[in-house]
Engineer: 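First the structure, which I've put down as structure tokens, then a few questions once you've had a look.
Since the structure is predicted, the reported quantities are computational estimates derived from the model, not experimental observations. Position 1 is the first residue of the sequence; numbering continues from there.
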Amino acid sequence: MHKELQLGNQLCFRLYTASRLITQAYTPMLTALGITYPQYLVLMVLWEQDVLPVNDIAHRLLLETNTVTPLLQRMEKLGLVIRKKGTQDKRQQIVSLTDKGKALEEQAYRLIPQGMSQELQSCPLQQDDYHHMALDLDSIIETLKKKP
């Protein structure tokens with residue numbers, strides 16, 4: 001067996017596992033808000049800047065529009081967003097938050113940061129460690145985004 005191919009030597013496995021477990025830790029909090037993790041990601045984009053084309057949302061999330069569109073359709077049925085045709089380009093879909101979607105930001109703020117802190121309280125990492133880890137992950141993401 002090649003050492004480089006052992007599961008324990010794979011960065012991708014650690015990233016995948018950490019991502020899956022973090023998403024799992026979010027689940028009870030997001031369930032209390034009535035949303036899924038992908039919906040939460042879309043909401044965070046729109047809380048930063050409301051009224052965006054679907055393409056811009058997909059770009060910010062590093063997803064394809066055909067992945068984001070069904071997600072937005074479900075969010076529209078939940079009354080969180082409204083989709084309208086663009087004024088200049090009728091093929092373009094513009095997404096904006098409803099009052100319900102805007103109100104969810106305050107609820108998420110009261111619930112999620114504290115909830116995740118509690119989930120990770122036994123972890124020996126400090127706030128600076130998380131910040132540096134985020135910068136390192138951003139470097140990996142930027143490097144791999146440039147690949148064809």
Engineer: Leu62: which other cluster members, linking ILVMFWY side chains closer than 4.5 Å, directly or transitively?
Structural biologist: Ile141
Engineer: Looking at residues at least two apart in the chain, or sitting in another chain, which of them share a side chain to side chain contact (heavy atoms under 4.5 Å, CB included) with Pro28?
Structural biologist: none
Engineer: Any non-hydrogen side-chain atom of Ile22 less than 4.5 Å from a side-chain atom of Leu120?
Structural biologist: no
Engineer: Quick one: side chain to side chain donor-acceptor pair (under 3.5 Å) partners of Glu4, sequence neighbours excluded?
Structural biologist: none
Engineer: Would you compute the distance between atom CG of Leu63 and atom CG of Leu41 and round it to the nearest 0.5 angstrom?
Structural biologist: 8.0 Å
Engineer: Sorted by first residue and then second, give each salt bridge (charged side-chain N to carboxylate O under 4.0 Å, His left out) pair with at least one member in residues 21-30; sequence neighbours left out.
Structural biologist: none
Engineer: Looking only at non-hydrogen atoms, find the nearest pair between Leu46 and Val51 and report the distance.
Structural biologist: CD2-N, 4.3 Å
Engineer: Can you confirm whether Ile57 sits close enough to Leu61 that some side-chain heavy atom of one is under 4.5 Å from a side-chain heavy atom of the other?
Structural biologist: yes
Engineer: Would you tabulate the side-chain donor-acceptor contacts of residues 100-119 under 3.5 Å, counting partners in other chains and residues two or more places apart, or write 'none'?
Structural biologist:
from, atom 1, to, atom 2, distance (Å)
Lys100, NZ, Leu78, O, 2.8
Ser117, OG, Pro113, O, 3.1

Engineer: Looking only at heavy atoms, which two atoms of Ser96 and Asp50 are closest? And how far apart?
Structural biologist: CA-OD1, 3.2 Å
Engineer: Identify whether Leu71 and Trp47 are in the same connected component of the hydrophobic contact network (ILVMFWY, side-chain heavy atoms under 4.5 Å).
Structural biologist: yes
Engineer: Rounded to the nearest 0.5 Å, what's the gap from CG on Asn55 to CD on Gln93? Could you check?
Structural biologist: 10.0 Å
Engineer: Apply side chain to side chain donor-acceptor pair (under 3.5 Å) to Arg20 and list each qualifying residue two or more places apart in sequence or on a separate chain.
Structural biologist: none
Engineer: Identify, with sequence neighbours excluded, every residue that meets ring pair (Phe, Tyr, Trp, His ring centres under 6.0 Å) alongside Tyr37.
Structural biologist: Tyr26
Engineer: Give me each pair satisfying salt bridge (charged side-chain N to carboxylate O under 4.0 Å, His left out) with a member in residues 59-70, each pair once, sequence neighbours excluded.
Structural biologist: Glu48-Arg60
Engineer: Does Val95 form a side-chain contact (heavy atoms from CB on, under 4.5 Å) with Asp56? I'd like the steps, not just the answer.
Structural biologist: CA-CA 10 Å; Val95 182; Asp56 289 7; over 6 Å; no
Engineer: For the backbone of Gln126 and the side chain of Asp129, can you confirm whether one donor and one acceptor N or O come within less than 3.5 Å of each other?
Structural biologist: yes
Engineer: Counting only heavy atoms not in Asp136, do more than 12 fall under 6.0 Å of its CG?
Structural biologist: yes
Engineer: Are Met44 and Met29 connected, step by step, through hydrophobic side chains (Ile, Leu, Val, Met, Phe, Trp, Tyr) whose heavy atoms are closer than 4.5 Å?
Structural biologist: yes
Engineer: Among all residues two or more places apart in sequence or in another chain, which pass the side chain to side chain contact (heavy atoms under 4.5 Å, CB included) test with Pro70?
Structural biologist: Gln73, Arg74
Engineer: Supply the atom-to-atom distance Leu7 CG to Arg14 CZ, rounded to the nearest 0.5 angstrom.
Structural biologist: 8.5 Å
Engineer: Tell me, please, which residues at least two apart from Lys3 pass side chain to side chain contact (heavy atoms under 4.5 Å, CB included).
Structural biologist: Gln6, Asn9
Engineer: Restricting to pairs with a member in residues 114-144, which pass ring pair (Phe, Tyr, Trp, His ring centres under 6.0 Å), not counting sequence neighbours?
Structural biologist: none
Engineer: Can you give each donor-acceptor pair under 3.5 Å made by side-chain atoms of residues 79-86, sequence neighbours left out, with the distance rounded to 0.1 Å?
Structural biologist:
from, atom 1, to, atom 2, distance (Å)
Arg83, NE, Glu76, OE1, 2.9
Arg83, NH2, Glu76, OE1, 3.0

Engineer: When rounded to the nearest 0.5 angstrom, what distance separates NZ in Lys145 from CD1 in Ile140?
Structural biologist: 14.0 Å
Engineer: With rounding to the nearest 0.5 angstrom, report the CG to OG distance, Leu137 to Ser19.
Structural biologist: 10.0 Å
Engineer: If every non-hydrogen atom of Thr36 is compared with every non-hydrogen atom of Gln39, which pair is closest and at what distance?
Structural biologist: N-OE1, 2.9 Å
